[in-house]
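Notes follow once the structure below has been shown.
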Number of protein chains: 2
Amino acid sequence: MNRYSKQTRLLVAIDCIIFGFDGTEMKILLVQRGMEPEKGKWSLMGGFVQPDESLENAAKRILNELTGLSKIYLEQLYTFGVPERDPIERTLSVTYFSLLDLAKYKVQLSNEFHAEWFPLKKFPHLIFDHNEMVQAARNMLKYKASLHPVLFELLPEKFTIPQLQSLFEDVYQASFDKRNFNRKIISTGLLLKQKEKDKINSKKGAFFYKLDKKNYRDNFHAILRFIPNPNDLL
Amino acid sequence: MNRYSKQTRLLVAIDCIIFGFDGTEMKILLVQRGMEPEKGKWSLMGGFVQPDESLENAAKRILNELTGLSKIYLEQLYTFGVPERDPIERTLSVTYFSLLDLAKYKVQLSNEFHAEWFPLKKFPHLIFDHNEMVQAARNMLKYKASLHPVLFELLPEKFTIPQLQSLFEDVYQASFDKRNFNRKIISTGLLLKQKEKDKINSKKGAFFYKLDKKNYRDNFHAILRFIPNPNDLL
């Protein structure tokens with residue numbers, strides 16, 4: 001008998017936190033849980049890891065089975081493991097998260113499932129510790145967005161500053177003064193003003209901008225000047 | 001019979017990656033593995049999660065049992081879970097890491113254990129996927145150090161620029177030109193020059209500096225100007 005055989009084996013689940021931006025606001029993808037306990041309540045997309053699949057492959061399979069989404073880049077976030085987190089039996093949950101441009105993925109969401117997008121500003125209470133998982137994913141996103149142009153990747157090639165402000169407000173759970181936000185984002189030197197205006201969303205119209213891709217790699221930290229201090233985030 | 005009872009349960013281990021700075025160089029804490037397979041080879045501090053302990057408590061217990069260290073702040077890093085990572089039986093490993101000021105903790109390392117500090121520049125080959133775990137912890141550290149003053153917390157209150165350079169070189173696995181490093185770190189405005197010199201480590205002497213604590217919270221991103229682009233790190 002070796003030291004392995006004496007050990008307790010545990011159930012291991014995956015839960016997926018999927019955020020999306022639809023051009024106006026940040027959303028979160030949820031499903032109605034299909035099994036007891038808490039059957040019918042809103043939940044992250046979750047399931048058990050199978051004996052011969054890696055954690056990442058389990059995450060991809062579960063997300064696909066519950067929503068129809070495939071070929072999504074998933075990133076491991078955190079493993080939740082307090083003994084009492086699942087009332088039926090101790091279950092670890094390895095969480096994965098992703099951030100989608102909804103313009104690209106909306107069509108893929110299959111009707112045969114009960115997956116639904118909710119505004120990140122207001123979504124139903126979730127089962128177990130899933131609200132805590134969502135908060136961890138939001139914190140990770142704030143952190144990443146302070147060093148990487150991940151949020152700009154969610155915007156169309158040409159976007160307006162009000163659109164960018166709405167995205168930043170949803171991600172940083174903050175509200176920025178319009179004039180200040182405008183001034184500070186321009187002062188980063190990361191944006192290229194275009195000649196055309198968006199006249200659909202306001203009478204006066206708002207100029208379109210593009211991200212200055214040559215510049216952002218070296219100067220992206222300019223973004224830190226006006227977002228909440230990332231030292232407060234983790 | 002519910003959906004839980006049909007599932008496979010898995011072994012879950014913890015592995016701890018402990019870095020330390022001794023004033024001159026970065027080190028990593030390793031132990032000689034006490035069980036088969038790979039008994040006697042160098043390894044991270046690892047063990048199995050017990051039925052009624054949280055992951056974090058398991059990490060603290062295991063680290064204490066193998067090294068004598070206690071009251072260490074441990075941060076969860078990543079869960080390694082490919083099916084074949086342990087040759088005896090599939091075992092997930094939840095990794096935790098920490099960064100210690102060795103001046104404070106050296107005394108605690110008990111002689112009854114075979115734990116040993118190795119320079120991070122040159123340490124023995126580790127069992128299983130432990131080298132990959134160390135690399136993940138190094139990447140996390142580079143990332144954190146670009147937004148947080150974690151490295152300054154390892155230095156004594158008064159430190160010299162050569163000392164700071166050695167720390168940054170070990171963390172970023174880079175070598176910086178002495179004159180450039182000097183100029184750029186001064187230009188961040190994060191350091192306060194002291195009147196005294198350290199005359200122990202060179203004939204000419206090197207001025208002591210302190211971190212400008214009032215300034216670093218708001219201007220810490222100045223550090224991004226001269227470290228490798230964090231977009232390349234993750």
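First the proteins, then the strands, lettered A, B, ... as listed; each starts at 1.
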Choice from [options] maximising heavy atom contacts with chain B below 4.5 Å:
options: Asp52(A), Leu55(A), Thr8(A); result: Leu55(A)
options: Asn57(A), Val12(A), Val82(A); result: Val12(A)
options: Glu89(A), Arg85(A), Glu84(A), Glu56(A); result: Glu89(A)

Report yes or no: do [X] and [Y] form a side-chain donor-acceptor pair below 3.5 Å?
X: Asn180(A); Y: Arg183(A); value: yes
X: Thr95(A); Y: Asp15(A); value: no
X: Lys39(B); Y: Gln32(B); value: no

field: Toward chain B, the part of Asp86(A) with a non-hydrogen atom under 4.5 Å
entry: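 Answer is side chain: those atoms of Asp86(A) sit under 4.5 Å from chain B.
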- prompt: Is it true that Glu38(B) and Lys41(B) have a side-chain N and a carboxylate O under 4.0 angstrom from each other?
  reply: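 A salt bridge is present here (some side-chain N lies under 4.0 Å from a carboxylate O).
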message: With a 4.5 angstrom heavy-atom cut-off, is it the side chain or the backbone of Leu77(B) that approaches chain A, or both, or neither?
response: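 Neither; nothing under 4.5 Å.
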Contacting region of Glu53(B) [heavy-atom separation from chain A under 4.5 Å]: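 For Glu53(B), the contact with chain A is made by the backbone alone.
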field: Side-chain heavy atoms of Leu63(B) within contact of Cys16(B), under 4.5 Å
entry: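 Of all side-chain heavy-atom pairs linking Cys16(B) with Leu63(B), at least one is under 4.5 Å.
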